[in-house]
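Each remark here refers to the structure printed beneath this line.
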Amino acid sequence: LPFGNTKQVGVTILVSDATASLPSVQHTAWMLVNLLGRFQGVVHRLSVRCPAGVKLCGRVVPLATRDVDLATALIDGGNAIGVVPIEKDLQLERTIAIGTGPFATAADLFVLGDGWCGGISVTPESFDTLDLHSSLPFGPYVAACIAAAEVFKAARMRPGHFISPTSAFYSCWNHVASDAPISGGPSDVEVVLDASLVGIGAVGSSVVHAIWASPNIAGSMVLIDNDPKGLETTNLNRYPLFGTASVGQQKATAAARVASDAKVRWIPHDAAIESFDLVTLRVVSAVDRNSARAAIQFKYPARLFSGSTLDLRAEVLRCGPPGVGACLRCFNEPEKIAPDDVLRSKLKGANESEIAELARTAEITIDQATEWIATGRCGIAGDRLLPLLRRDDGEDAFAVAFVSVMAGTMLASELVKDHLADAAPLSESQPRVTFQFFSPLARSNQASAFRRDPNCPMCDPNSAACRIWAKRYQSVSKSKT
Ligand SMILES: [Zn+2]
């Protein structure tokens, strides 16, 4: 629907009295508050009904102080986002219940995840077969994403243009969608990371969030992001780790600060990937430009995972095996960088007020801008204007938070699974998964084969670079067994 025709909705999130103390319920509740609390223009108001005095079970709400009870953390954390107002104990148009019953009031949707699997249902009985023993955040975050998508679809899409199943579950252990909970995967994992994460945007900050909330993921993770503008207010509707307090800060440093009490040690770098020797065993790509993907692939790390989003679809790729499965550069033609004089000649048609605005943003005088447009001379004007002009070249695609969190959650779970000898795909034969929210039970929501791009210049099996990559790749396989 056109944005002006959005059927905005107020949502009450109802947390079960009986099960509010469980990690599964707490992780699900927070991620749903976190996602709906960023839904500018879709959710006009959010309310939390949660029993008082329930102790937080570990790291659940990064945006609240750690020593408050669950109800306070959900409301304080939600309000720290600063997008949708969140109040206590109001009854709004829609009620979404989290946990298992009995519930104080009726609800139109039930949401819960545990371990690696999570989902939604219109009846609470659907969750009877879901084990509630795990402290992992993956299944709970999947559940919250599927629920947030249903709120989005009802508000923004024409009836009949999407499918709202009466129940839908997804497991990021075996990448299966079903109308009932899916078992599989250990209820806890102890992993010592030696990894890097490139791109601390919507997907990357979701990865940090999931790793932070996992009780036994230790080791170290390098965080890399070179966006000179840092976190902007307009990012808050999609970046699940950040609230207004982080606006203006560099993203890698801000993520390390918000998640500083994780078991893993963060090593933030607010600089470009090109300036690093990526020496970690595993690298996670959460960048959104193909030129950045090529720069990461150029380092040929032993293991490489990539997450991306497109409209209502999340995608995760485990790169390799080298020369057989796709690399990060495969099918990802780097964006062409427009030459300086092309950008200049585009500006020759601009009017006075457009040039004045551009000069103000670049912090140069109008005379300097005009001189540079006319002649290409004036070094300072060129240095300041060119990055601005190139930035506006690649318009941000349509994106919503639940798709980014789904991609980030699947990425984090694949990074963990790659340490486990008996893990289900993603694997060499099924290295790629896509999940689209239009129809959560679609058969295409699963892991599948993905061969390399025969025209890719970076993973040609006969190249020296690919042979080096293969050697590094195989060294990880051996240490796994
Ligand atoms: Zn390739």
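Counting convention: from 1, in listed order, for ligands and their atoms alike.
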- Query: So, Q26 side chain and C57 main chain: donor-acceptor pair closer than 3.5 Å or not?
  - Reply: yes

- Task: Report the C-alpha separation of F276 and I224 in whole Å, then their side-chain angles, then the decisive distance to 0.1 Å, and conclude whether the side chain to side chain contact (heavy atoms under 4.5 Å, CB included) test is met.
- Result: CA-CA 9 Å; F276 288 102; I224 301 170; 3.9 Å; yes

- Task: Please lay out, stage by stage, how Q436 and N445 fare under the test side chain to side chain contact (heavy atoms under 4.5 Å, CB included).
- Result: CA-CA 7 Å; Q436 51 79 13; N445 287 343; 3.7 Å; yes

- Task: Classify the angle between the aromatic ring planes of F298 and Y300 as parallel (below 30°), tilted (30 to 60°) or perpendicular (above 60°).
- Result: tilted

- Task: Return the orientation label for the W469 and Y473 ring planes: parallel under 30°, perpendicular over 60°, tilted otherwise.
- Result: perpendicular

- Task: Taking all heavy atoms of I120 and all of E150, pick out the closest pair and write down the distance.
- Result: CD1-CG, 3.6 Å

- Item | Within-2.8 Å protein N/O/S contacts of the Zn ion (ligand 1) | C327 SG, C330 SG, C456 SG, C459 SG

